[in-house]
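What follows is a single structure, written as structure tokens, with notes after it.
What you see is a predicted model; the values in this text were computed from it and never measured. Order of listing sets the numbers, starting from 1, for every ligand and every atom in it.
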Amino acid sequence: MSDRDERRHLLSIADLDREGLLELLRLADGFKEVAERPIPKVPALRGKTVATLFFEASTRTRLSFETAAKRLSADTMTFTAATSSLSKGESLRDTIETIDAMGVDAMVVRHSSAGAPTRITEWTSASVVNAGDGQHEHPTQAILDCYTIREALGRDDLTGLRVGIVGDIRHSRVARSDVLALDLLGAEVVLVAPRTLLPPSLEGWPAKATADLDDVIDQLDVVYLLRIQRERASAALLPSLDEYHERFGLTRERARRLRESTLVMHPGPMNRGVEIAPEAADLPSSLITRQVRNGVLTRMAILFHLLGSPQGLSAMRGETADA
Ligand code: NCD
């Protein structure tokens with residue numbers, strides 16, 4: 001988490017060290033108990049305003065952040081590019097300055113350009129959270145993924161764990177953030193993709209790469225499937241989606257070769273029949289719905305970490321919000 005002008009942001013996993021990441025995961029543990037209460041809401045961020053600014057399509061990430069903010073009793077403000085003055089030609093800077101002038105404490109930003117959330121920190125006094133910027137990073141997804149693996153295994157240290165991230169690595173902000181976060185916890189990552197869907201250079205990626213899924217599938221502890229990013233022209237780099245499924249998909253046959261304990265993950269939205277066979281997504285070892293559930297807990301932890309106070313933490317442990 002970076003400190004700039006005494007404000008705090010979450011822009012990239014690279015801003016975190018191992019302890020910082022573990023601190024967020026432990027904070028999320030506290031919110032798990034809150035989620036199980038009859039009224040799953042605490043007053044920790046009462047009086048704060050969280051704006052979600054989505055300049056690119058999203059369902060689960062936006063809803064997840066809004067749910068997280070509401071469960072902390074923050075007020076929420078929603079901005080979606082399609083219905084905004086951007087379509088009337090307003091610049092990004094003017095949009096941000098307008099929202100800033102209304103008085104918000106955090107801006108949760110998704111944008112199709114890498115680096116947009118970082119730029120936005122220059123135009124607002126609010127904390128900025130990167131909810132996915134182009135092909136760059138998606139740090140909150142990586143945090144929820146680490147939380148989900150840690151929960152399934154019951155340990156903080158992932159040394160020796162073999163994670164295969166399979167698919168469109170080149171265009172995937174999820175892959176980049178996950179590799180960095182899993183490396184912080186000690187896991188080994190192997191990227192599995194056709195050469196056309198690997199980044200031009202793996203410099204800065206603490207991971208190995210292979211183009212042969214069958215070669216590694218039975219050695220993996222976690223199989224993490226990625227969506228083909230059609231909106232980023234990745235389909236053009238493939239012969240056909242059927243052939244992709246045959247070579248890189250978690251087909252029914254490959255699912256049978258997985259060890260019973262191998263965890264299956266996907267950030268969503270899933271293209272069943274492309275990167276994952278329908279039956280494989282529903283295996284008992286599939287953590288896909290758990291990832292969604294944990295997204296709310298970890299985003300509560302992130303928002304609380306950025307905006308909360310120690311008094312808020314004690315309020316969270318004791319009271320239930322009456323709002
Ligand atoms: C991911 C994203 O938007 O980067 N989805 C998500 O946030 N849950 C992955 C994807 O779109 O494939």
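- Under a cut-off of 6.0 angstrom, the local environment of CD in E36 is crowded, with over 12 non-hydrogen atoms contributed by other residues, nucleotides or ligands.
- Ligand 1 has no atom lying under 4.0 Å from any heavy atom of E56.
- Put simply, CD1 on I228 and CG on L197 are 5.5 Å apart, with the number rounded to the nearest 0.5 Å.
- Checked for salt-bridge contact, D100 and R93 miss the test: no charged N lies under 4.0 Å from a carboxylate O.
- For ligand 1, the polar-atom distance check finds no N/O of P269 at less than 3.5 Å from any of the ligand's N/O atoms.
- I149 pairs in a side chain to side chain contact (heavy atoms under 4.5 Å, CB included) with only one of the listed residues (L182, L144, D221), which is L182.
- By the 6.0 Å contact criterion, CZ on R257 is enclosed, its count of non-hydrogen atoms from other residues, nucleotides or ligands being greater than 12.
- Checked by distance only, ligand 1 and P267 come closer than 3.5 Å through their nitrogen or oxygen atoms.
- Given atom 11 (O) of ligand 1, the protein heavy atom at minimum distance is R227 NH2, 2.9 Å.
- N294 pairs with exactly one of L25, I143, D145, T148 by the side chain to side chain contact (heavy atoms under 4.5 Å, CB included) rule, that one being T148.
- Annotation for ligand 1: atoms under 4.0 Å from non-hydrogen atoms of R110 are 2 (C), 3 (O), 7 (O).
- With hydrogens left out, the protein atom closest to atom 3 (O) of ligand 1 is R173 NH2, 2.9 Å, a heavy atom.
- Given atom 1 (C) of ligand 1, the protein heavy atom at minimum distance is G268 O, 3.7 Å.
- With respect to the salt-bridge test (charged N to carboxylate O, under 4.0 angstrom), the residues R259 and D218 do not qualify.
- Using a 4.0 Å cut-off to heavy atoms of T61, the atoms of ligand 1 that qualify are 6 (C), 7 (O), 8 (N).
- Shortest contact from atom 7 (O) of ligand 1 to any protein heavy atom: H138 NE2, 2.7 Å.
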